[in-house]
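Order of the sequence lines sets the chain letters (A, B, ...), proteins ahead of strands, with each chain counted from 1. Quick note: numbers below take in every heavy atom, side chains included, and nothing from hydrogens, waters or symmetry partners.
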Amino acid sequence: MQQFEATAGEKWEQVFEANPSGRPKFYITVAYPYPSGAMHVGHGRTYIVPDVIARFWRMRGFEVLYPMAFHVTGAPVIGISKRIARGDEKAIYLYRDLYKVPPEVLAQFTNPLEIVRHFSEEYQRVMKSCGLSIDWRRRFTTVDPTYSKFIEWQWKHLGEGNHVVKGAHPVRYCPQCENPVGDHDLLEGDKAEILKFTLVMFRYGDSLIPTATLRPETIYGVTNLWVNPAVTYVKVNVDGKNWIVSQEAADKILLQDHTVEVIERIPGTSLIDQKVSHPLCGEVPVLPAGFVDPDMASGLVMSVPAHAPFDYIALRDLQRAGKYTDIQPIPLITVPGYGKVPAKEAVEREGVESQMDSRMDSLTQEVYAAEFSSGKLFDTYGGKPVRVARDDVAALMIQQYGSTVMYEFDNRTVVCRCGSRVYVKILHDQWFLQYSDPKWKAQVSGHLKDMSLVPPEVRVEFDRTVDWLKDWACTRRVGLGTRLPWDPAWLIEPLSDSTIYMAYYTIAHRIREFAPETLTPEVFEYIFLGKESPGLPEREKLGKLREEFLYWYPYNYRFSAKDLISNHLTFQIFHHVAIFPKQFLPRGMVVFGMGLLNGAKMSSSKGNVFLLEDAVQEFGADTVRMFLVGSAEPWQDFDWRNELVMSTKKQIERFWNTIIESSQSDESDTEIDMWLISRLQHHIGKTTESLQKFQTRQALQEAFFGVEADLKWYRRRISDGSKGHSSLKELCSVWIRLMAPIIPFTSEQLWSETGEIGLASFAAWPEVDDARIYPEIELAEELLFRTVEDIESIMKLIQITPSSLTLCVAPGWKHQIFKTIARSADRSQVIKEIMKDENMRAHGKDATDAIRQCTTLIHRLPPQIVEAFANGALDEENIFNGAASFLEKEFGIPVKVIPADPGIYAKAAAALPFKPAIIIE
RNA sequence: GCGGGGAUAGCCAAGCCUGGUCAACGGCGAUAGACUCAAGAUCUAUUCUCGCAGGAGUUCGUCGGUUCAAAUCCGGCUCCCCGCACCA
């Protein structure tokens, strides 16, 4: 069956190119890929689900735009190419063995642009093989010169709107490479966080001793400083003042905005027992402690034994040796669940005896966390919660007491690929997108309210992200990208150059006709904002671009995986509101779940991936599509399992065979055909409704399994030897179209096989024909179906060989009771109501029994059936007589239908409406 | 820590918003039968327990509550997953 996928591919060449027309438009976009590796089936779903939606709306008569481009800005490919050049085994394995890059191509990967070039070609090829209905004329990459011009315009606009501001920014930095290092460039320590220490300045003679702390608010509880007697410290001149720090610290400070000059070496021992002072805690002594790490921040710490387990235990050790017995912990924070001195309590509870105990770190974590989340300073120190006081005190120290900030990793083993130690460096003149701006945030929140978000649950996540976003460092020194127009030393960071490119798609194919150097900001001001200015190049041609933009924008839906909510998806709303007027702002977003492979998370780095191309090769594109779209709703995580994919393949084969067989039927229709057509209307309605709500799984259930189940019953009902009636032809035509968005290759082929004109991809989507919904026929068929099920279950239980079947249908008065109950709103009153009727009273106990049984039955039947029953007439005897030959064929015994008469069969008394008494002899 | 999402039969998974269509859709796996020399594919049946008349009992993480009625609503508890950024 895969051979015709190539045929369909040819038919589709260029047909999905979308142009402004008189029809209504539907514009969807997907986050474009960063082509640094091969596509796996997880990527496949990201692009296939939107394709199903695109095909659906196209068939509904909309002009649908589904474009694609490639994001190649950023640093990862540079790291990859370096690693490949160096012969890094892991990288080579990934590209040569997992992604199956041919050796001659791999050899060129030493050039990063070759990597993205190779994989973007591969992406396009694989996307085509999946049948994605993309307008490929609009394809671009983010390093195209025209795209750079577009970015320059965008940033000029943002700059003028005061959305971009300058600041300093700490980064991981390799002194040997003289560059900031990203995650991809690290040998170890990729999870290390940059912590912000406050240096608390203690005065010591003519010098300052900066002690590093994450908890400046505890200054009020300082009893002493700790110095490691085994370490030799240095006296250095920092920005004109003398500091005493470790040698390691001196090196680090140098990278953090300070001038540093070493004056002399000072052995740790010479500091012991000296007095130092700070205005907020007075004079305190310097004590020795082995746990003080010269390679952590400044290399010296202040001691708050009441609240820091390390400090407490070090002091206790000294005091046990009889020293410094006059020093007492000074508590300053109350924490629920702890007494006066939390550090002491924690240490004693765990029975920790030594500062080298392995439990000390977790103990410290615990006390810190408790105090931060629920601690409060004593009233004498202001009474504020710790989380507030921390920032307040830090600010106070910086303003009044000469404190400064020092950045340091939380763990010390951060190593660059080059083998050199990585430090924290403060980058100057860093540019930030000011997402913290409350006015900007308010605009974004305001617009979010008007957006359609699918599934609705993600709305809270968006709201929270908008609330929480801080300024974003939006420029980089290294990588591929566009230079910042007013400060060309900087490159625009990759997430920041991908916020409004959906607007660029509208003109991508036409703007290529312009020389990049003619694309001034004024040109884009005109295209996107309609602002005329003198000297626009080729004004007439530009008008066409403006028309495209006006026709397509805003986009209707953007699709993306859910991990982009906290950055890209929210950023793009920020940028849209900053640049475009209200009528061009995004309309909606659909957020996707992640992919699993045999129950485990898909991950290229772990090798746990299934390449999309291999999947298409092995199973066929339609199978892959149907599986990815049908195994879970888009926003749910899906699990790729080969055995399930295999059964999907069989389903498609079944579909194919059914259509081919059925389209030959041409006997004239009977009542069962009316049933089939009537049922079909429901499937059309539900499939349409589901696809409108992006519920691809639900849509498939209706369009495929729903129709298939009906067909199964239909075949059972028609007489032996018949291939079916002419209604099947109609059903086939509808069925092919219902399935076309999901399995377009198969549908396209079947469409021409069955003699239909044109392409299935552009055929009209089936509409529900209300006039052909026949509730009575459906109800009658339902009655028959349920009765057959009952008969089967009885046959299974009884042991006799049946010789005849008798159906006893319930008398009219029971129908009357059933209807009365079904229609009544208050079912507790219904007994009285019915028994008012003299005719009913005449049945005595039978009537009350019937009422009880009918009530139970009504609760057990689907509400639609009860309603249909209540509102229509149902001649059960007639229905069963009509189906008698069917029943005889099914069970192979004579069938008789009679009114229920307990005089003949005792069981007949049990006959209820919709549930005839069944007598098997 | 903060925020979000979950827990359903051997496995995957629907249902939950809008309580009775629920012993609980669908699929995988398993078992039996038909077809076949055979295997595979396909089709049929069974797959919580009991039952020789369409039934009954016990189930939807756990404990409790509301209701004539709870997988579904409310509260407590236990456990699991994801995000917390300077980057695709």
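Between B/rG54 and A/K907, no contact under 4.0 Å exists linking OP1 or OP2 to a side-chain N or O. In this structure, A/Q636 reaches the B/rA14 phosphate: one of its side-chain N or O atoms is under 4.0 Å from OP1 or OP2. Under 4.0 angstrom from either OP1 or OP2 of B/rU42 there lies at least one side-chain N or O belonging to A/K650. The phosphate of B/rA13 has neither OP1 nor OP2 within less than 4.0 Å of any side-chain N or O from A/R697.
Taking the six-membered ring wherever Trp is involved, the centroid distance between the rings of A/F627 and A/W640 falls below 6.0 Å. For A/W472 and A/F432, the gap between ring centers reaches or exceeds 6.0 Å. Less than 6.0 angstrom separates the ring centroid of A/F571 from the ring centroid of A/Y435.
Of the candidate nucleotides B/rG4, B/rG27, B/rA88, B/rG4 has the atom nearest to the side chain of A/V460. Checking B/rC86, B/rG54, B/rU21 against the side-chain heavy atoms of A/A473 singles out B/rC86 as nearest. The side chain of A/S647 lies closest to B/rC28, out of B/rC84, B/rC28, B/rA88. Set against B/rG26, B/rC43, B/rU44, the side chain of A/K712 has B/rU44 as its closest nucleotide. Taking the side chain of A/Q701 as heavy atoms from C-beta on, and the options B/rC43, B/rC25, B/rC86, the nearest nucleotide is B/rC25. Closest to the side chain of A/K796, from the set B/rA45, B/rA88, B/rG4, is B/rA45. Taking only side-chain atoms of A/K915, from C-beta outward, the nucleotide of B/rG54, B/rG3, B/rG20 with the closest atom is B/rG54.
Across all strands, A/I920 comes closer than 4.0 Å to base atoms (heavy-atom distances). Residue-level contact check: A/P35 touches neither bases nor backbone, having no heavy atom under 4.0 Å from any strand. Contact annotation for A/R860: backbone-only contact, meaning every heavy-atom pair under 4.0 Å involves sugar-phosphate atoms and none involves a base. A/D467 comes within 4.0 angstrom of no nucleic acid atom, judged by non-hydrogen atoms across all strands. Note on A/I919: a base of the nucleic acid sits closer than 4.0 angstrom, heavy atoms only. If you check every strand for non-hydrogen atoms under 4.0 Å, A/L495 touches a base. Among the heavy atoms of the strands, none lies under 4.0 Å from A/D639. Residue contacts for A/A917: at a heavy-atom cut-off of 4.0 Å it reaches a base atom on one of the strands shown. Contact annotation for A/L644: backbone-only contact, meaning every heavy-atom pair under 4.0 Å involves sugar-phosphate atoms and none involves a base.
Here B/rU42 presents its P atom at 8 Å from CD of A/E653, a figure rounded to the nearest Å. Look at CZ on A/F571: it is 17 Å from P on B/rG83, rounded to the nearest Å. The distance from atom CZ of A/R477 to atom C1' of B/rC87 is 18 Å, rounded to the nearest whole Å. Computed from coordinates, the A/E461 CD to B/rC82 P distance equals 14 Å when rounded to whole Å. Remark: P of B/rU21 and CD of A/E778 are 21 Å apart, rounded to the nearest angstrom. One atom, CZ of A/F785, and another, P of B/rU21, lie 18 Å apart when rounded to the nearest Å. Residue A/L564 contributes atom CG, which lies 17 Å from atom P of B/rC82 at whole-angstrom precision.
When the P atom is compared between B/rA69 and B/rA23, the two are found 16 Å apart, to the nearest whole Å.
Classified by interplanar angle (parallel below 30°, tilted 30° to 60°, perpendicular above 60°), the ring pair A/F610/A/F619 is tilted. The aromatic rings of A/Y501 and A/H568 are tilted relative to each other, their planes meeting at an angle between 30° and 60°. By the 30° and 60° cut-offs, the orientation of the rings of A/F818 relative to A/F869 is tilted.
Here the NZ-CZ distance, from A/K441 to A/F574, works out to 5.5 Å after rounding to the nearest 0.5 Å.
When the nearest nucleotides of RNA chain B are assigned to A/P862 and A/F705 by heavy-atom distance, the more 5′-ward of the two goes with A/P862. Each of A/I791 and A/E643 lies near RNA chain B, and the nucleotide nearest A/E643 is the one positioned closer to the 5' end.
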query: Reading RNA chain B 5' to 3', how would its secondary structure be written in dot-bracket notation, given Watson-Crick and G-U pairs with both distances under 3.5 Å, brackets [ ] for crossing pairs and | for partners on other strands?
result: ((((((((.[[[..)....(.....]]]((((((.......))))))(((....)))...[[[[[..)....]]]]])))))))....
message: Before you tell me yes or no, could you show the steps for A/S496 and A/E493 under side-chain hydrogen bond (donor to acceptor under 3.5 Å, both in side chains), namely the whole-Å CA-CA distance, both residues' side-chain angles and the distance that decides it to 0.1 Å?
response: CA-CA 5 Å; A/S496 305; A/E493 175 273 331; 2.5 Å; yes
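Salt-bridge formation is not detected for the pair A/E633/A/R697: no Lys NZ or Arg NE/NH1/NH2 atom is positioned less than 4.0 Å from an Asp or Glu carboxylate oxygen.
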